[in-house]
Amino acid sequence: QSSVVKHETLAKDPYNRWLSRGPRIRLSAEQIRDQALAVSGLLSPRMFGPSVMPYQPDGIWQSPYNDEAWTRSKGEDQHRRAVYTYLKRTGTYPSFMSFDGSSREVCLSRRIRPHTPLQALTKQNDHEFLEADRHLAFRHRQAKGKDHRQAIRDMYAKTCGRAMDERSLSAMDRLYLEALGRFNKDRDGTCEMVGQQGVNDNPETAAMVVVANAILNLDEVLTKS
């Protein structure tokens, strides 16, 4: 149900006792990850089976009791739904902890939804989210007959579920052009942003990855409204 408050329903139900509007809440850590993978086309639809180990930085697991190590899963197992991610009581998946994931050392009756700058940094820099940004940009950049503005519109519609207004398009267009100018002068930066060699290793695609990163970090993408 929409969280939009209308004057008529607010007058009749100011405390929402009759559930005339829905809550506007930040998505859970697992939903945010799965949503990014889903809109980029990376999310695996496979159901059931053992837990998997997607990418996480080295050094998270440093157990003094045994030689357990985080061994990254192969193939589509890297992109399975978050419910299949292996969780260790004293070593929770790090990107979940930046949002509302718990350490699992104690039981929780309700998760707390923090709002900190670390969440934006995680969305912009974490390997899995950056991989989703790249894949989303690759898919829309490679479509024939599209200019960069149409590709931006399509990425926004795919991610937000609605058409992009001109104000938002103008902002993202400026971001694209600024990034393109920078990558045209920085070959190493282009390779680092794209993350691979081949057809996508060019300044135009690198700039589109920057735009995809910004779109997937929008508040309207991370919030249920």
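These values consider heavy atoms only, across backbone and side chains, with no hydrogens, waters or symmetry-generated copies.
Taken from CZ in R21 to CG in N16, the straight-line distance is 4.0 Å, to the nearest 0.5 Å. Between the CZ atom in R81 and the CD atom in Q31 there is a gap of 10.5 Å [rounded to 0.5 Å]. Rounded to the nearest 0.5 angstrom, M208 CE and N213 CG are separated by 13.5 Å. Summarising the geometry, atom CE belonging to M155 is positioned 8.5 Å from atom CE belonging to M172; distances are rounded to the nearest 0.5 Å. Atom NZ of K12 is separated from atom CG of L10 by 12.0 Å, given to the nearest 0.5 angstrom. Annotation: the span from L136 atom CG to T159 atom OG1 amounts to 5.0 Å, rounded to 0.5 Å.
Partners of Y93 by side chain to side chain donor-acceptor pair (under 3.5 Å), not counting sequence neighbours, listed by chain and number: E128. The salt bridge (Lys or Arg N to Asp or Glu O under 4.0 Å) search around D58 returns none, not counting sequence neighbours. Take D100 and apply the side chain to side chain donor-acceptor pair (under 3.5 Å) test, not counting sequence neighbours, and it matches R111.
Proximity of a side-chain donor or acceptor of T85 to a complementary backbone N or O of A82 within less than 3.5 Å is detected. In this structure, the side chain of K123 engages the main chain of L216 through a donor-acceptor pair within 3.5 Å. A side-chain donor-acceptor contact under 3.5 Å links R80 to the backbone of R46. In this structure, the side chain of Q35 engages the main chain of V221 through a donor-acceptor pair within 3.5 Å. Between the side chain of T190 and the main chain of F183, a donor-acceptor pair closer than 3.5 Å is present.
Here the side chains of Q150 and D154 are in contact, with some heavy-atom distance below 4.5 Å. Looking at heavy atoms from C-beta onward, H79 lies out of side-chain contact with H135 at the 4.5 angstrom threshold.
Residues A132 and S40 come closest through the heavy atom pair O-CB, 3.3 Å. For the pair M193 and R134, the tightest heavy-atom approach, listed with the atom from each and the gap, is O-NE, 2.8 Å. Closest of all the heavy-atom pairs between M164 and R153 is SD-CA, 4.2 Å. Smallest separation of non-hydrogen atoms from F129 and R33: CE2-CA, 3.8 Å. Of all heavy-atom pairs spanning R149 and D173, the tightest one is NH1-OD2, 3.1 Å. Closest heavy-atom contact between V211 and L175: CA-CD2, 4.2 Å.
Hydrophobic clustering (ILVMFWY, side-chain heavy atoms < 4.5 Å, transitive): M97 and I32 are in distinct clusters. The hydrophobic clustering, which links ILVMFWY residues whose side-chain heavy atoms are closer than 4.5 Å, places V39 and L218 together. V210 and L121 sit in two unconnected hydrophobic clusters of ILVMFWY residues. Membership requires side-chain heavy atoms under 4.5 Å apart, directly or through other members. The cluster map of Ile, Leu, Val, Met, Phe, Trp and Tyr, joined by side-chain heavy atoms under 4.5 Å apart, puts V194 and I152 in the same cluster.
Pairs engaging residues 150-175 under the ring pair (Phe, Tyr, Trp, His ring centres under 6.0 Å) rule: none recorded [sequence neighbours left out]. Within the structure, the side-chain hydrogen bond (donor to acceptor under 3.5 Å, both in side chains) test picks out the following pairs touching residues 175-188 (sequence neighbours left out): R187-D201.
In this structure, E192 places its CD atom where only 12 or fewer heavy-atom neighbours from other residues, nucleotides or ligands lie under 6.0 Å away.
Residue V52 belongs to a hydrophobic cluster whose other members are M47, F48, V83, Y84, with links defined by side-chain heavy atoms closer than 4.5 Å.
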>> Could you walk me through whether W70 and K88 satisfy the side-chain contact (heavy atoms from CB on, under 4.5 Å) test, starting with their C-alpha distance in whole Å, then the side-chain angles of each, then the deciding distance to 0.1 Å, before giving a yes or no?
In response: CA-CA 10 Å; W70 184 274; K88 185 178 180 181; over 6 Å; no
>> Could you walk me through whether E166 and L169 satisfy the side-chain contact (heavy atoms from CB on, under 4.5 Å) test, starting with their C-alpha distance in whole Å, then the side-chain angles of each, then the deciding distance to 0.1 Å, before giving a yes or no?
In response: CA-CA 5 Å; E166 287 301 317; L169 177 60; 3.9 Å; yes
> What do the steps show when you test F96 against E30 for side-chain contact (heavy atoms from CB on, under 4.5 Å), and what is the final call?
Replying inline: CA-CA 7 Å; F96 293 170; E30 292 86 351; 4.2 Å; yes
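In summary, the side chains of T223 and D219 do present a donor paired with an acceptor at a separation below 3.5 Å, with no hydrogens or angles considered. Looking only at atom types and distance, the side chain of T9 has no donor-acceptor partner in the side chain of S20 under 3.5 Å away.
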